[in-house]
Amino acid sequence: QVQLVESGGGLVQAGGSLRLSCAASGRTFSSYGMGWFRQGPGKEREFVAGISWSGSNTYYVDSVKGRFTISRDNAKKMVYLQMNSLKPEDTAVYYCAADPRHTTQAMSVTGEYWGQGTQVTVSS
């Protein structure tokens, strides 16, 4: 099992940047696929980006491609989401998720373990 804690959210102007961090605990973290999801006001939770256990495979939804970068440091048990050129429509609660089943195909990562979320607000 793994526990996840996100940090790094906040208020930023459109065009700005934020870096989200996800700290994981648990011995098996390095074998899990990891992902970032978000839930905007009045919207369903959606997949944003995924990364394989090794970090060699990443996947992004079209709306963030070229602006967001997911990465991981297995030695530190950390996952990151670098968000650049932020837009007001990126406003959401961002969740880190761990997936013990989909470990190699980043686009297939779903959430079996979840963090509590961190709020990102982008002002226009």
Side-chain angles (χ1 to χ4, degrees):
Q1 202 170 22
V2 63
Q3 289 77 46
L4 305 170
V5 178
E6 302 96 334
S7 61
L11 174 64
V12 64
Q13 288 188 334
S17 299
L18 282 174
R19 187 195 196 203
L20 304 184
S21 298
C22 174
S25 61
R27 294 181 300 168
T28 53
F29 164 79
S30 61
S31 66
Y32 286 9
M34 298 296 296
W36 286 95
F37 294 72
R38 67 186 180 186
Q39 186 166 14
K43 299 180 181 179
E44 295 187 352
R45 189 175 298 188
E46 65 170 348
F47 174 77
V48 175
I51 189 166
S52 62
W53 71 271
S54 66
S56 63
N57 183 245
T58 58
Y59 181 82
Y60 304 90
V61 295
D62 286 346
S63 59
V64 307
K65 206 170 289 184
R67 300 189 297 122
F68 290 11
T69 303
I70 188 172
S71 61
R72 68 189 296 165
D73 185 332
N74 285 343
K76 295 182 178 179
K77 296 185 179 179
M78 296 292 294
V79 180
Y80 305 98
L81 186 68
Q82 178 67 45
M83 305 186 296
N84 299 327
S85 302
L86 282 162
K87 304 175 181 180
E89 51 263 44
D90 294 318
T91 294
V93 178
Y94 283 71
Y95 298 91
C96 177
D99 187 341
R101 296 177 294 119
H102 301 101
T103 61
T104 58
Q105 294 298 318
M107 67 180 299
S108 300
V109 168
T110 60
E112 181 161 332
Y113 303 103
W114 296 90
Q116 83 289 350
T118 185
Q119 176 70 47
V120 171
T121 303
V122 184
S123 63
S124 57

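Since the structure is predicted, the reported quantities are computational estimates derived from the model, not experimental observations.
A distance of 5.0 Å separates CG in L86 from CZ in F68, rounded to the nearest 0.5 Å. The structure places CD of Q39 at 10.5 Å from CD of Q119, a figure rounded to the nearest 0.5 Å. With values rounded to the nearest 0.5 angstrom, S63 atom OG is found 7.0 Å from D90 atom CG. The structure places OG1 of T69 at 8.0 Å from CG of L81, a figure rounded to the nearest 0.5 Å. For the atom pair CZ (F29) and CZ (R72), the distance works out to 4.0 Å, reported to the nearest 0.5 Å. Distance OG1/T28 to OH/Y113: 7.0 Å, rounded to 0.5 Å.
Side chain of T103 to backbone of P100: no donor-acceptor contact under 3.5 angstrom is found. The backbone N or O of D99 sits nowhere less than 3.5 Å from a side-chain atom of E112 that would complete a donor-acceptor pair.
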> Can M83 and Y94 be said to form a side chain to side chain contact (heavy atoms under 4.5 Å, CB included), step by step?
Replying inline: CA-CA 11 Å; M83 305 186 296; Y94 283 71; 3.9 Å; yes
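Counting heavy atoms from C-beta outward, V64 and R38 have side chains that approach closer than 4.5 Å. I70 places a side-chain heavy atom less than 4.5 Å from the side chain of V79.
L11 and L18 sit in two unconnected hydrophobic clusters of ILVMFWY residues. Membership requires side-chain heavy atoms under 4.5 Å apart, directly or through other members.
Residues meeting the ring-ring contact (aromatic ring centres under 6.0 Å, His included) test with F37, sequence neighbours left out: F47, W114. Every residue was checked against the side chain to side chain donor-acceptor pair (under 3.5 Å) condition with S71, not counting sequence neighbours, and none meets it.
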